[in-house]
Structures are given as structure tokens and as C-alpha cells.
Amino acid sequence: MLQSSLFTKTRKEAPKDEVSKNADLLIRAGFIHKEMAGVYSYLPLGFRVLEKIANIVREEMNAIGGQEVSLTALQDKNVWEITGRWNDEIIDVWFKTNLKAGGELGLAPTHEEPFTSLMKNFIRSYRDLPLYTYQFQTKFRNEIRAKSGILRGREFLMKDLYSFSKNEEEHTIFYEKMSKVYHDFFEKVGLGEHTYFTLASGGSFSKYSHEFQTVTSAGEDTIFVCEKCKMAVNKEVREKQKMCPHCKNEDLTEKTSIEVGNIFNLGTRFSDTLDLTYLDDKGKPQPVFMGSYGIGIGRVMGTIVEVLADEKGIVWPKSVAPFLVHLISVGESEEVKTASQEIYDALNAQKVEVLFDDRDARAGEKFADSDLIGIPYRIVISEKTLAEKSAEIKVRATGKTEMRPLADLKKDAIAVLDVF
Ligand code: ATP
Ligand code: MG
């Protein structure tokens with residue numbers, strides 16, 4: 001993509017009322033636009049990142065047998081009344097509205113009820129189980145505090161998967177698989193080192209659930225980390241037990257963190273109330289045993305910014321970066337223009353995702369913008385580099401800089417970049 005044709009521009013300052021680092025950087029670099037408190041639109045660069053994160057999740061969910069669907073945001077009050085969750089004291093973040101034709105509906109803050117009631121149409125016997133279904137869906141929550149940028153939106157994209165099993169044993173096998181998949185996912189998006197598998201209280205059905213908590217000062221949660229096991233417990237669990245649930249170590253370190261994902265044993269909480277049953281092999285009706293598994297896609301994006309950014313700007317891991325390469329031409333000479341265009345064409349031909357800063361701007365401005373945007377590799381072409389028939393390659397994360405022959409880049413750019 002040509003940067004001259006990108007409609008977003010970098011800017012010196014984010015909106016005055018913006019206090020979070022992730023929103024400040026993402027707005028200034030042109031990834032998102034603030035519509036109002038807690039409500040952000042995704043612009044070309046930001047949407048590419050969001051899609052990359054979602055696609056990594058999608059691959060993982062498909063690999064463990066998830067079937068992707070897309071349920072509605074508009075919610076039928078009746079279903080939620082049956083489970084008791086239409087009540088604003090039980091779910092205190094509802095957005096509700098009146099219909100012109102009479103009656104009331106809500107904007108989905110989560111989707112246990114609609115998934116459970118959907119499955120009543122399809123689950124009949126033990127032969128239909130287990131089954132797993134998921135979606136990427138916009139959730140709406142009337143959050144009281146919305147000062148954390150895209151970490152806490154009032155409208156945000158969530159991946160939610162729901163598992164339907166015959167019994168607890170079958171559920172547990174999947175639950176454990178999913179916790180492994182979540183570990184792999186946070187590793188892939190560059191948060192592995194900072195993210196702790198955290199024991200949390202389970203709510204109504206099971207004693208425990210698990211959260212994936214990323215350590216960052218931007219977070220609103222507190223966890224207690226066992227450095228030996230790389231596990232943590234959250235505040236509520238800590239109040240009940242003082243030691244690491246795994247190795248019994250009592251020396252836990254308190255850290256500020258954000259919940260980036262969670263996995264939950266729902267048991268028969270929803271299947272009992274909404275009457276979702278299957279016939280077992282003796283023809284006897286049994287309640288379906290459920291689980292839910294969430295990841296906040298936008299929150300993961302914001303967390304990556306919070307955790308990996310440096311004083312110059314954003315630092316994207318390769319897996320989720322909007323582009324792999326930021327190609328920058330420095331100088332107005334025909335020579336530089338031709339050589340840059342040739343490298344741009346060669347990278348495109350090799351299917352390397354590249355943003356080409358072809359603007360007539362000063363070198364310093366281009367470099368500052370490039371640091372702010374945070375693309376993993378920068379390739380600079382100037383009269384100086386051309387004198388050596390080379391380009392300068394700089395790694396955003398480490399600052400490592402080296403010259404490489406143009407001919408090598410034209411032949412196999414990935415091979416050249418991979419050695420950095
Ligand atoms: P929190 O305690 O941070 O409010 P939650 O317990 O309400 O989170 P869940 O209802 O379990 O979160 O939602 C599943 C996932 O959705 C969370 O793990 C998080 O990644 C994401 N998420 C929750 N609330 C928001 C929000 N307001 N904005 C963006 N992402 C969110
Ligand atoms: Mg919440």
C-alpha cells in the first residue's frame with residue numbers, strides 16, 4: 001500500500017480527554033478514531049491488526065473443532081428473563097431500548113442465553129454431542145469507567161465460544177484443550193511472556209474458572225503471581241487461599257494486570273433454566289453440560305500496544321502487524337524514486353505486506369511516523385544506500401540496523417529479513 005494514498009494521517013496529539021497510552025498512540029498513528037468515550041472506530045491500519053488477531057483466533061478455534069457462526073446483537077428480553085439476567089442488578093451493563101411497536105429489547109453484552117436457546121433447535125441425542133460453536137461479535141456494555149481506550153470499550157469485538165458436552169468429564173477434556181490453545185494464542189500474538197494463567201472464582205456453578213491476565217500498569221485487575229509455576233491467582237481467590245494452587249508456594253508477587261481472555265465452566269446453569277437437554281443412550285433426557293470461552297480482540301490489540309510500545313511509539317509483533325515492512329524512500333532524486341519503486345514492486349510480487357512511504361516529506365518526519373506506527377521492519381532507500389547498491393534495514397523492536405544488497409531483497413526479501 002502507498003502511504004500517500006492512505007487517508008489517515010499521523011498527528012502530534014491525541015484528543016485532549018484521552019488518558020490511556022493505547023488510545024493515545026493508536027489515535028496519533030491513525031489506527032483508530034474516537035467517536036466518544038469508550039467507543040472507537042477502526043481505520044485501515046487498525047482494522048488490519050484487528051483482523052490479523054481475529055484470524056489467529058479463528059485458526060485456533062477451527063483447529064479444535066469450533067464451528068463459526070454469527071448471532072444477533074439485538075436480544076429478546078424473554079430469553080434473558082428466564083435465566084434471571086434481564087435484571088439490571090444481575091447484569092449491570094445492559095443497553096436496553098424500547099421498540100416503536102411496543103416491547104423492549106437489549107444489545108448483547110454476552111451470548112450464553114441466545115446460544116443455549118439456539119441449540120434447543122439442534123441438539124437431540126447424545127450423538128449430537130459434544131459440539132463447539134463460536135463467533136466474533138460486537139458486544140455492548142454500559143461500562144461505568146471507559147478511560148482505558150480500547151481495553152474497555154462500551155462497544156467491542158469479542159470472540160466467544162460455547163461448548164456443549166454430555167457431562168462434566170467430556171467438558172473437562174475440552175476445557176483443558178482450550179486452556180492450551182489460549183496459551184498458544186497469547187504466545188503467537190507476542191503476549192506470552194507477560195500473560196499468566198490465573199485461577200479465578202467460578203461464579204454460580206463450579207468452584208473455579210480461569211482467566212488469562214496480562215501484566216500491565218494499564219490494567220484494572222490485581223493478580224498474585226507464582227514465579228516458579230508461571231501461574232497466578234486473582235484477588236478473590238487470594239482472599240480464600242494464600243498459596244500457589246500448583247506448588248503451594250506462599251511467596252506470591254502482587255501485580256497489576258488486565259484480563260485478556262477467560263475460560264468458564266458453566267455447568268448446567270443455562271441448560272437447566274432454558275431447558276436444553278439431550279437423550280442419553282438409554283433414551284433418558286439429560287441436561288447439556290456447557291462451557292464458555294472469551295477473548296477480547298480489541299482488548300488484546302490494546303494490550304499489545306500497552307505492553308510492547310516504547311518511547312517512540314508502537315511496536316507490533318510480526319504476527320499481528322498491519323504490514324511486515326515499512327519501505328521508506330529518502331530524497332527526491334529520480335534514482336531514489338526508481339529504486340524504491342522497484343523494491344516496492346518486488347516485495348509485492350513476493351507477497352510481502354508492505355507500506356511504502358512515497359510521500360514528499362522530510363526524512364526525519366518519515367522516520368518519526370514510522371517509529372510511531374510500529375511496523376516490524378523498516379527498509380530505507382536513499383542516495384547514500386544506493387551508492388552501495390543497498391538498502392538499510394532496521395528492526396523496530398530492537399533498533400538493530402544493517403545494510404543489505406538490493407539484489408538480495410529483490411530475490412527473496414523474507415530470507416533477508418528472517419536473519420534479523
Ligand atoms: P473485566 O473484568 O475486565 O470487565 P469481564 O469479566 O467483564 O472483564 P468477560 O465478560 O469474561 O469479561 O468477557 C470476555 C472477554 O472480553 C474478557 O476476557 C476481555 O478480554 C473482553 N472484554 C470484557 N469487557 C470488555 C470491554 N469493556 N472492552 C473490551 N474488551 C472487553
Ligand atoms: Mg466486565
Side-chain angles (χ1 to χ4, degrees), residues 20 22-23 26 32 34-42 46 50 53-54 56-57 61 73 85 88 90-95 107-113 115 134-162 178-179 181-183 185-186 189 191 194-206 208-216 218-223 232 234-237 256-266 269-270 290-307:
S20 82
N22 70 84
L26 289 166
I32 60 172
K34 183 176 192 166
E35 303 292 342
M36 56 185 131
V39 183
Y40 297 90
S41 295
Y42 288 76
L50 200 71
I53 297 170
I56 298 172
V57 175
M61 295 304 116
R85 297 213 298 173
D88 291 314
I90 307 291
I91 291 192
D92 60 3
V93 291
W94 271 113
F95 281 109
L107 293 173
T110 177
H111 272 87
E112 283 79 8
E113 279 80 350
F115 268 96
Y134 75 98
Q135 63 178 352
F136 294 91
Q137 232 273 359
T138 303
K139 308 290 189 218
F140 298 88
R141 294 187 183 180
N142 199 343
E143 304 273 6
I144 295 181
R145 282 191 77 243
K147 294 194 180 334
S148 300
I150 59 171
L151 298 185
R152 185 172 299 286
R154 295 197 165 112
E155 174 178 339
F156 62 95
L157 187 66
M158 191 202 287
K159 180 284 299 182
D160 43 336
L161 184 145
Y162 301 86
M178 201 56 144
S179 76
V181 164
Y182 269 44
H183 275 110
F185 166 72
F186 290 113
V189 298
L191 293 176
H194 311 271
T195 302
Y196 291 87
F197 188 52
T198 303
L199 193 64
S201 46
S204 56
F205 197 83
S206 74
Y208 294 115
S209 68
H210 290 92
E211 296 168 347
F212 287 77
Q213 292 273 0
T214 305
V215 171
T216 162
E220 293 166 20
D221 289 351
T222 304
I223 56 167
N234 77 359
K235 236 184 186 158
E236 294 87 70
V237 173
T256 302
S257 62
I258 179 108
E259 180 194 312
V260 282
N262 66 10
I263 58 177
F264 222 91
N265 176 348
L266 299 173
R269 156 86 175 85
F270 294 95
M290 291 172 55
S292 73
Y293 313 81
I295 293 179
I297 305 299
R299 182 177 287 189
V300 166
M301 176 171 161
T303 304
I304 293 170
V305 174
E306 291 286 345
V307 171

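What you are looking at is a predicted structure, and each value in this text was computed from that prediction instead of being measured. Both counts, for ligands and for their atoms, begin at 1 and track the order of listing.
Salt bridge status for Arg269 with Glu112: absent, with no side-chain N to carboxylate O gap under 4.0 Å.
Ligand 1 is surrounded by Arg141, Glu143, Leu151, Arg152, Gly153, Phe156, Met158, Glu259, Val260, Gly261, Asn262, Gly296, Arg299, each with at least one heavy atom closer than 4.0 Å.
Ser41 and Glu35 share a donor-acceptor pair across their side chains, judged by distance under 3.5 Å alone. Checking Asn234 against Gln213 by side-chain atom types alone, no donor-acceptor pair falls below 3.5 Å.
For Gln135 against Phe115, the heavy-atom pair with the smallest separation is NE2-CE1, 3.4 Å. Closest approach of Ser179 and Phe212 over heavy atoms only: O-CZ, 3.8 Å.
Judged purely by atom type and a 3.5 angstrom limit, Tyr182 has no side-chain atom pairing as donor or acceptor with the backbone of Phe197.
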